[in-house]
Each structure stands twice: as C-alpha cells, then as structure tokens.
Amino acid sequence: MHGDRAALWLVPDEQDQVPRLERFRAAHPEVVILLRGALPRAWVGSRKIERSTLRGLLDELEEIFPPDAQDRQAGSPQ
C-alpha cells in the first residue's frame with residue numbers, strides 16, 4: 001500500500017485525519033508514529049504517547065510541535 005491508502009486502511013473512522021498525519025510525518029520524520037494495535041501511539045525521543053484516536057494523538061503531537069512554529073522559523077530571519 002502507498003502512503004495515504006495504508007493510513008486509510010488503518011484508521012477507517014478518521015479518514016479526515018490522514019492528510020494531517022501525512023503533513024506531520026513530512027515535517028517531523030524523527031517522530032515514530034504507529035497506527036497498528038489498539039491505540040495510535042508515537043515516540044518523541046524516549047517519551048511514548050498513546051491516545052484513543054488518531055485525532056487525539058495528532059492534537060498531542062501538535063502541542064509539542066506547533067505547526068505554525070515551523071512556518072515562523074522558515075519565514076523569519078531571526
């Protein structure tokens with residue numbers, strides 16, 4: 001399976017979250033995200049994060065890595 005199709009198969013009730021997942025993975029390849037099993041989970045360094053939904057997991061990850069922070073860094077010469 002390819003990218004989005006694999007994620008759609010793994011999260012059938014949250015198809016609207018697949019583009020968000022793909023954007024996060026592209027921006028943060030250092031974060032391991034697993035969708036197999038009972039709960040979506042991710043590892044940020046040695047910290048394991050589990051949530052009951054992909055949406056909840058992405059919400060938590062975006063608190064750690066705010067999406068607009070990367071945009072500000074790329075756009076401003078600070």
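- For E60, the side chain to side chain donor-acceptor pair (under 3.5 Å) partners are R47, R51, not counting sequence neighbours.
- When all heavy atoms are compared, the tightest approach of T53 to P40 is C-CG, 3.6 Å.
- Shown here are the side chain to side chain contact (heavy atoms under 4.5 Å, CB included) partners of E30, two or more places apart in sequence or in another chain: H28, F65.
- Distance check: F24 CZ to L61 CG gives 4.5 Å after rounding to the nearest 0.5 Å.
- Atom-to-atom distance recorded for D59:CG and I49:CD1 is 11.5 Å, nearest 0.5 angstrom.
- Taking 4.5 Å as the limit, every side-chain heavy atom of I64 sits out of range of all side-chain heavy atoms of V31.
- Taking E62 as the reference, R20 meet the salt bridge (charged side-chain N to carboxylate O under 4.0 Å, His left out) condition, with sequence neighbours excluded.
- For R55, the salt bridge (charged side-chain N to carboxylate O under 4.0 Å, His left out) partners two or more places apart in sequence, or in a different chain, are D16.
- The salt bridge (charged side-chain N to carboxylate O under 4.0 Å, His left out) search around R41 returns E50, not counting sequence neighbours.
- With hydrogens and angles ignored, the 3.5 Å screen pairs no side-chain donor or acceptor of Q17 with any backbone N or O of L54.
- Residue L39 is found outside any hydrophobic cluster, as its side-chain heavy atoms come under 4.5 Å of no other Ile, Leu, Val, Met, Phe, Trp or Tyr.
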